[in-house]
Protein chains: 2
Amino acid sequence: MNSETTRQRLNREQSREQTRERLLDASRTVFVQKGFALTSVEDIAATAGYTRGAFYSNFTDKTELFVELLRRECENIDREFHHLFQAPLADVVELQEKIANYYSGLYGDGAFSVLWMEAKIVAVRDEKFRATLSLFLEERRAQIAEFVETYARLTNTQSGTSAHHIAIGLMALCEGINIAHRCDPQNVDDKTAEEILSWFLKTTLAMPQQAEQSPAAKVVKTKTAARRVASKSN
Amino acid sequence: MNSETTRQRLNREQSREQTRERLLDASRTVFVQKGFALTSVEDIAATAGYTRGAFYSNFTDKTELFVELLRRECENIDREFHHLFQAPLADVVELQEKIANYYSGLYGDGAFSVLWMEAKIVAVRDEKFRATLSLFLEERRAQIAEFVETYARLTNTQSGTSAHHIAIGLMALCEGINIAHRCDPQNVDDKTAEEILSWFLKTTLAMPQQAEQSPAAKVVKTKTAARRVASKSN
DNA sequence: GAATTTAGATACAACACTGTATCCAGATAC
DNA sequence: GTATCTGGATACAGTGTTGTATCTAAATTC
């Protein structure tokens, strides 16, 4: 009866934290709805159930709040990523399933791509913001590169270019398709988007490159090897 | 001496057209600089050397002007595309060179990607605008799909998915990388971007899919076959 | 429980932008 | 050359936004 109905009094710190949280949540909603540029400080405060005063006593400006919002989004993505891939991997199929889950999770969340797209648009013109965003993106890139390497080891294949490059390509493709879907759902429907993505994964990751010298290294399911790799990266 | 120094009098129609042209040019500049959302009608008019009155007597609002701008951009892209690919193709190498030229041309133009990105952001939230943009994008998609098919015939390969899908993927990748480069030039430099793109082209277009049944169909330079295909699609 | 902090509301002043209404001057028509 | 037309300038009213300055009520401290 205490946690829900009897709303316990919050001390200063808790109250402040709650306000920040609400403002951040509200900003995510409004940014997705109206876009960062056209969102006013008042929009955010009002959606969160406060007035502008509350906003300015918690953040210096809209941009600072956006950075904080993205930092939290990043943390969530990281958490989910680690949650999925820290467990020892049995085989390639399982890995593919997991990556599929991961991306469809991100994909399904409508806020996801639009929010990051907004961020990138802001970054194009805001030097300082760009530097911050760069850090976030590089983190994710490294994460995905790690996944790509794990995949390559699991499947015992090489892909003809560095894991880092593939990571960039993969992220670019995901985002590109996501956007295409979002601003032209007629021609780029869900099914199409997913097909392209999974096709890309299969085609690019596990393909022998130097066609004239090495024969196609088939996908090999070596459970022992897989487990070794997985626990190592753990 | 007449075309440059002696500025000949323009009749109404010509004058009007000139004004529209200047407003459109100016809008491209300002949209890239400040973004569509934060660009005011006054910004556009002033940059073009006019006042708001001129703007409103030529366009109903900012969005209508943006559509017109994109329509013209589309025409330019189409023109360039046809200019490159209508000539009979000798062989795969030449084709690859051409596609490389084409994309580096688009890529080099700083305005290009940012402008289209702005458009997509607008499309996410504006139903009517989205419908229009959809048409533009579908045109380009078809164009690229056509190229993919030509490529497949020239190289005598199959790629495991439809040309239309590949076109979507290719456009998505291009745009994604472009954006990544633009908002994080430190980690995604020009060289990297180009490498990834060309690697994608080579890897995805000419790769045998069903790894277990068909051996890798090598890239075959068959000049005669190539010419036949090229002239046919011409 | 009185004094002190402080989170957040309210009020305010300075701008910026839009869209329209009005006006003017040069181009065209007769 | 006079009348008309129209592209574009100017003025204005209305609305939205920002950042700060002030106020209040609750939370903390003693």
Side-chain angles (χ1 to χ4, degrees), chain A residues 2 6-27 29-31 33-69 118 121-122 125-126 128-129, chain B residues 2 6-27 29-69 118 122 125-126 128-129:
Chain A
N2 198 354
T6 305
R7 189 161 296 284
Q8 66 172 353
R9 282 243 174 262
L10 304 173
N11 63 23
R12 287 195 197 293
E13 235 182 320
Q14 290 172 318
S15 166
R16 189 177 173 76
E17 189 51 43
Q18 189 188 55
T19 303
R20 279 178 69 90
E21 206 76 44
R22 285 179 180 167
L23 285 169
L24 285 164
D25 278 355
S27 76
T29 306
V30 188
F31 286 158
Q33 264 177 18
K34 306 184 57 172
F36 177 80
L38 290 186
T39 295
S40 68
V41 169
E42 176 132 33
D43 287 332
I44 298 169
T47 302
Y50 296 95
T51 58
R52 279 207 316 290
F55 179 94
Y56 282 112
S57 92
N58 277 284
F59 302 96
T60 66
D61 59 23
K62 211 171 53 165
T63 304
E64 199 214 65
L65 171 127
F66 196 20
V67 169
E68 178 61 19
L69 177 62
E118 289 284 338
I121 281 274
V122 173
R125 289 155 193 136
D126 182 335
K128 210 176 144 207
F129 188 90
Chain B
N2 198 355
T6 305
R7 191 161 295 285
Q8 67 174 356
R9 284 243 173 263
L10 304 172
N11 64 23
R12 289 195 195 292
E13 235 183 319
Q14 289 172 319
S15 168
R16 188 176 173 78
E17 190 50 44
Q18 189 188 57
T19 303
R20 280 179 70 89
E21 206 77 43
R22 284 178 179 165
L23 285 170
L24 284 164
D25 279 355
S27 76
T29 306
V30 188
F31 286 158
V32 171
Q33 265 175 18
K34 306 183 58 173
F36 178 80
L38 290 185
T39 295
S40 67
V41 170
E42 176 133 32
D43 287 332
I44 298 169
T47 302
Y50 296 96
T51 58
R52 280 205 315 291
F55 180 94
Y56 283 112
S57 90
N58 277 284
F59 301 96
T60 65
D61 58 24
K62 214 172 49 166
T63 303
E64 198 214 65
L65 170 127
F66 196 20
V67 169
E68 178 60 18
L69 178 62
E118 289 285 337
V122 174
R125 289 157 191 130
D126 182 334
K128 211 176 143 209
F129 188 90

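Chain letters run A, B, ... following the sequence lines, proteins first and then strands; every chain starts at 1.
Residues from residues 39-54 of chain B that place a heavy atom under 4.0 Å from any atom of DNA chain C, listed by number: B:S40, B:V41, B:E42, B:R52.
For the pair B:N58 and D:dG7, the criterion of a side-chain N or O lying under 4.0 Å from OP1 or OP2 is not met.
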Worked check of side chain to side chain contact (heavy atoms under 4.5 Å, CB included) between A:V67 and A:E64: CA-CA 5 Å; A:V67 169; A:E64 199 214 65; 5.7 Å; no
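Regarding B:L38, its CG atom lies at a distance of 10 Å from the P atom of D:dT18, rounded to whole Å. In this structure, the CD atom of B:E17 is 14 Å from the C1' atom of D:dG7, given to the nearest Å. Atom CD in A:Q18 sits roughly 16 Å away from atom C1' in C:dT6 (whole-Å rounding). Straight-line distance from the OH atom of A:Y56 to the P atom of C:dC12: 18 Å, rounded to whole Å. Rounded to whole angstrom, the span from the CD atom of A:E21 across to the C1' atom of C:dA7 amounts to 17 Å. In this structure, B:D61 atom CG and C:dT20 atom P are separated by 10 Å, rounded to whole Å. When the P atom of D:dT18 is taken as reference, atom CZ of A:F59 falls 15 Å away, rounded to whole Å. Remark: P of D:dG7 and CD of B:Q14 are 14 Å apart, rounded to the nearest angstrom.
Taking every side-chain heavy atom of A:S57 into account, C:dG8 is the closest of D:dG8, C:dG19, C:dG8. If you check C:dG19, C:dG8, D:dG8 against the side chain of B:T19, the one that comes closest is D:dG8. For B:R16, whose side chain is taken as the heavy atoms from C-beta onward, the closest listed nucleotide among C:dG8, D:dG7, C:dG19 is D:dG7.
Side-chain N or O atoms of B:K62 include one that pairs as donor or acceptor with a backbone N or O of B:T39 at under 3.5 Å. In terms of modelled atom types and a separation under 3.5 Å, the side chain of A:D43 and the main chain of A:S40 share a donor-acceptor contact. Between the B:R52 side chain and the B:A46 main chain, no donor and acceptor come within less than 3.5 Å of each other.
If you take CD on A:E68 and CG on A:L23, they are separated by 11.5 Å, rounding to the nearest 0.5 Å.
Ring geometry, B:F36 versus B:F129: the interplanar angle falls from 30° to 60°, so the pair is classed tilted.
At a threshold of 4.5 Å between non-hydrogen side-chain atoms, the residues B:R20 and B:F59 count as touching.
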